[in-house]
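Just follow the structure's listing: the first ligand is 1, and inside any ligand the first atom is 1.
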Amino acid sequence: MASLLIINGPNLNLLGTRQPEVYGSQTLADVEQLCADTARTGGAAAECFQSNHEGEIVDRIHAARDRHDAIIINPGAYSHTSIAIRDALSGVDIPVWEVHISNIHARESFRHHSYISAIAKGVICGCGILGYRLAIMAALDALEG
Ligand code: CA2
């Protein structure tokens, strides 16, 4: 059975509490349930992890080696700053799909560039939390192919 690692970065634990006009009204628990349900429907398992700390995210990516077949990551604001997370993802040789709930290209210019996108198999943004489901479907399709 394929095993997917779902990583959510800083402040995504606040989903559903503020800024519903940007991020919707569903919580991180809702996102994680959506991911688990989508993976199960596709015959896979999903393990979810959220951290507000760059080094913890790097450590979790390292620990994914030989444990997970794909990584779905919303790096939050670290998308726009973190060479460390990009290097960790490159270093474990596991295919990556990047998700953003909002359309980062329609927001402030500092959100337009992501260090992760160039090493991701696919990038989904602006589809709300549906983006996680789409990324999981894309990952499972690629793993089956
Ligand atoms: O659109 C996305 O998913 C982002 O990755 C979300 C990040 C942001 O820094 C990226 O540019 C785009 C921020 C997540 C913060 O989420 C909050 C949710 C509710 C209340 C406050 C923050």
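- In this structure, atom 15 (C) of ligand 1 lies nearest to the protein heavy atom Asn11 CB, 3.6 Å.
- Atoms of ligand 1 lying under 4.0 Å from at least one heavy atom of Ile101, given by number and element, are 1 (O), 2 (C), 3 (O).
- Regarding atom 21 (C) of ligand 1, its nearest protein heavy-atom neighbour is Gln19 OE1, 3.6 Å.
- In the model, Ser102 has a side-chain atom that pairs as donor or acceptor with a side-chain atom of Arg107 under 3.5 Å.
- When hydrogens are left out, the protein atom nearest atom 14 (C) of ligand 1 is Leu12 CD2, 3.8 Å; that is the closest non-hydrogen contact.
- His112 and His105 have tilted rings, their planes meeting at an angle from 30° to 60° on a 0 to 90° scale.
- Side chains of Asn52 and Gln50: a donor-acceptor N/O pair is present below 3.5 angstrom, by distance only.
- In this structure, the protein non-hydrogen atom closest to atom 13 (C) of ligand 1 is Tyr23 OH, 3.3 Å.
- The shortest N or O to N or O distance between His100 and ligand 1 is below 3.5 Å.
- Residues Asp87 and Ser90 bring no donor and acceptor atom of their side chains to less than 3.5 Å of each other.
- Closest protein heavy atom to atom 1 (O) of ligand 1: Ser102 OG, 2.6 Å.
- Here is the list of ligand 1 atoms found below 4.0 Å of a heavy atom in Ile104: 12 (C).
- Distances between N or O atoms of Gly16 and those of ligand 1 include no value under 3.5 Å.
- Against a heavy-atom cut-off of under 4.0 Å, His80 is close to the following atoms of ligand 1: 10 (C), 11 (O).
- Near Ala77, with a cut-off below 4.0 Å to any heavy atom, the atoms of ligand 1 are 9 (O).
- Residue-to-ligand polar distances place Arg111 within reach of ligand 1: an N/O pair is separated by less than 3.5 Å.
- When only modelled atom types and interatomic distance are considered, Glu98 and Ser114 share a side-chain donor-acceptor pair under 3.5 Å.
- Taking any N or O of Asn74, backbone or side chain, at least one lies under 3.5 Å from an N or O belonging to ligand 1.
- Checked by distance only, ligand 1 and Arg18 stay at 3.5 Å or farther apart across all their nitrogen or oxygen atoms.
- The only member of Leu130, Asn8, Leu12 that meets side-chain contact (heavy atoms from CB on, under 4.5 Å) when paired with Ile101 is Leu12.
- Heavy atoms of Gly76 approach ligand 1 to within less than 4.0 angstrom.
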